[in-house]
Amino acid sequence: MTRILLLENPHTSADEIFHKHGCEIRRISGALDEDELIAALDGVDVLGLRSKTFVTKRVLDAAPSLTAIGAFCIGTNQIDLRAASERGIGVFNAPYSNTRSVVEMVIGELIALTRQIPQKNNALHRGVWEKSAAGSHEVRGKTLGIIGYGSIGSQLSVVAEAIGMNVVFYDIAEKLALGNARRSPTLDALLAESDVVSLHIDGRASNTNFFSRAMFDKMKRGAVFINLSRGHIVDLEALREKLLDGTIAGAGIDVFPEEPNANGEHFESCLAQFPNVILTPHIGGSTLEAQESIGQFVSTKLMSYIRKGETDMSVNLPNLASSPSDDSLYRVAWVHRNTPGALARVNQLFADAGANITYQSLATKGEYGYMVTDSATDVPELVLAELQQSPMHVRLRVLRKG
């Protein structure tokens, strides 16, 4: 029986998939620290988590039974992917499932901030009537600058254009502009012309404090700033200073350098004093629709890997999407070093043992190769022993069809 540990409350749609395949599920509502996670992973085959639990090399060293990790979110920066690959552990995420939810939240915030709705709301909650058009604008005709033109940034571009905004974007990779969006030649040029700047870059360590005081200095006076990507990529103290002097007219911040591990825990921010700042608790992708979709998507990918050896859309392992053929009984799934001769070696071992290969596929990615070899008969132990003793060997699994 496959044993699953789920942390941080992924949607129960994941449980439905796991139960369908006879898995044993244990849920822990919050995040775990390193020592707690090591203890909880004893005998666990599959770990599911969101963004608060960090899977380090030390954790993986202490979890020999762990075969796969599912990140029920977009990012995988909380997982040591290199260490996972070195152990042949497949990592899967949901890169597109909450895209629409994030986009809608950005649109809602940029409209609210441009219309000064948070300030008016705060005044009424204090019992003060402040009906005025001063400082309040339509977003139609304004320019939205999108930094990072991936799945979220590009869909945001389309929706923003549909409500009448001009869109410019900047990305370090070559990206096709959608609709009437324009690619900005430089980041500085984007900051200088944008009425709203929305940040959509990944959370790799090298992006820490990416949006610095120097970048805030280059923004158009009276612009709005929104970050629904990663907390550590923005210098919040610099943003606080720009809000104090009025350079930035408003901000929407959903992610923070340090976030509580569980609901109900105390939270502080240097931005809490500002009525023109919308602070939300990392809920950009937290709609019921998105979370249900993420639960289904990630759990399906995990089960396809565990039961069939499929690595389609794995973050770290070479991608193979082939199901066992009809006449296959066993599948040998081998993660190995990307070394010339791996395929020939496997074929020779099967031939020497008189085992018939019914299907075979190989993919490589960087340092690693991943091969599946199907057989209609029992796989000789000698073949498996030879593969495990090979200097190319990383991890070997034998899967029985059905």
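Predicted model only: the values in this text are computed from it and were never measured. For reference, positions follow the sequence shown, starting with 1. These values consider heavy atoms only, across backbone and side chains, with no hydrogens, waters or symmetry-generated copies.
Side-chain contact between E109 and D254 is absent, with no heavy-atom pair separated by less than 4.5 Å. Side-chain contact between Q78 and C73 is present, with at least one heavy-atom pair separated by less than 4.5 Å.
Between the E8 side chain and the T53 main chain, a donor and an acceptor come within less than 3.5 Å of each other. At least one donor-acceptor pair closer than 3.5 Å links the side chain of Y370 to the backbone N or O of G309. Remark: side-chain polar atoms of T67 are paired, donor with acceptor, to backbone N or O of S65 under 3.5 angstrom. The backbone N or O of I306 sits less than 3.5 Å from a side-chain atom of R397, completing a donor-acceptor pair. Side chain of S375 to main chain of N356: a donor-acceptor pair is present (N/O by atom type, distance under 3.5 Å, no hydrogens or angles). Side chain of T143 to main chain of S194: no donor-acceptor pair is present (N/O by atom type, distance under 3.5 Å, no hydrogens or angles). Side chain of H232 to main chain of G203: a donor-acceptor pair is present (N/O by atom type, distance under 3.5 Å, no hydrogens or angles).
The two residues N9 and R27 make their nearest non-hydrogen contact at CA-NH1, 3.7 Å.
Partner of S314 under the side chain to side chain donor-acceptor pair (under 3.5 Å) criterion, out of N316, D312, T311: N316 alone. Looking at K220, K142, R140, R221 one by one, the single match for salt bridge (Lys or Arg N to Asp or Glu O under 4.0 Å) with D195 turns out to be K220.
Separating the CG atom in L190 from the CG atom in L144 is a distance of 8.5 Å, to the nearest 0.5 Å. With rounding to the nearest 0.5 Å, the separation of CG in L110 from CD1 in I163 is 5.5 Å.
Enclosure of atom CD in E268 is not indicated, since only 12 or fewer non-hydrogen atoms of other residues, nucleotides or ligands lie within 6.0 angstrom.
For E16, there are no salt bridge (Lys or Arg N to Asp or Glu O under 4.0 Å) partners at least two apart in sequence or on another chain. With sequence neighbours excluded, no residue forms a salt bridge (Lys or Arg N to Asp or Glu O under 4.0 Å) with E174.
For residues 76-131, the pairs satisfying ring-ring contact (aromatic ring centres under 6.0 Å, His included) are F92-Y305, with sequence neighbours left out. Every pair passing salt bridge (charged side-chain N to carboxylate O under 4.0 Å, His left out) that includes a residue from residues 200-209 is listed here, sequence neighbours excluded: D202-R204. The list of salt bridge (charged side-chain N to carboxylate O under 4.0 Å, His left out) pairs with a residue in residues 371-382, not counting sequence neighbours, reads R331-D374. Sorted by first and then second residue, the salt bridge (charged side-chain N to carboxylate O under 4.0 Å, His left out) pairs involving residues 28-55 (not counting sequence neighbours) are R3-D45, E34-R58, D35-R58, K52-E259.
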Assess whether salt bridge (charged side-chain N to carboxylate O under 4.0 Å, His left out) is satisfied between E289 and R100, documenting all intermediate values.
CA-CA 10 Å; E289 293 86 353; R100 181 68 184 195; over 6 Å; no
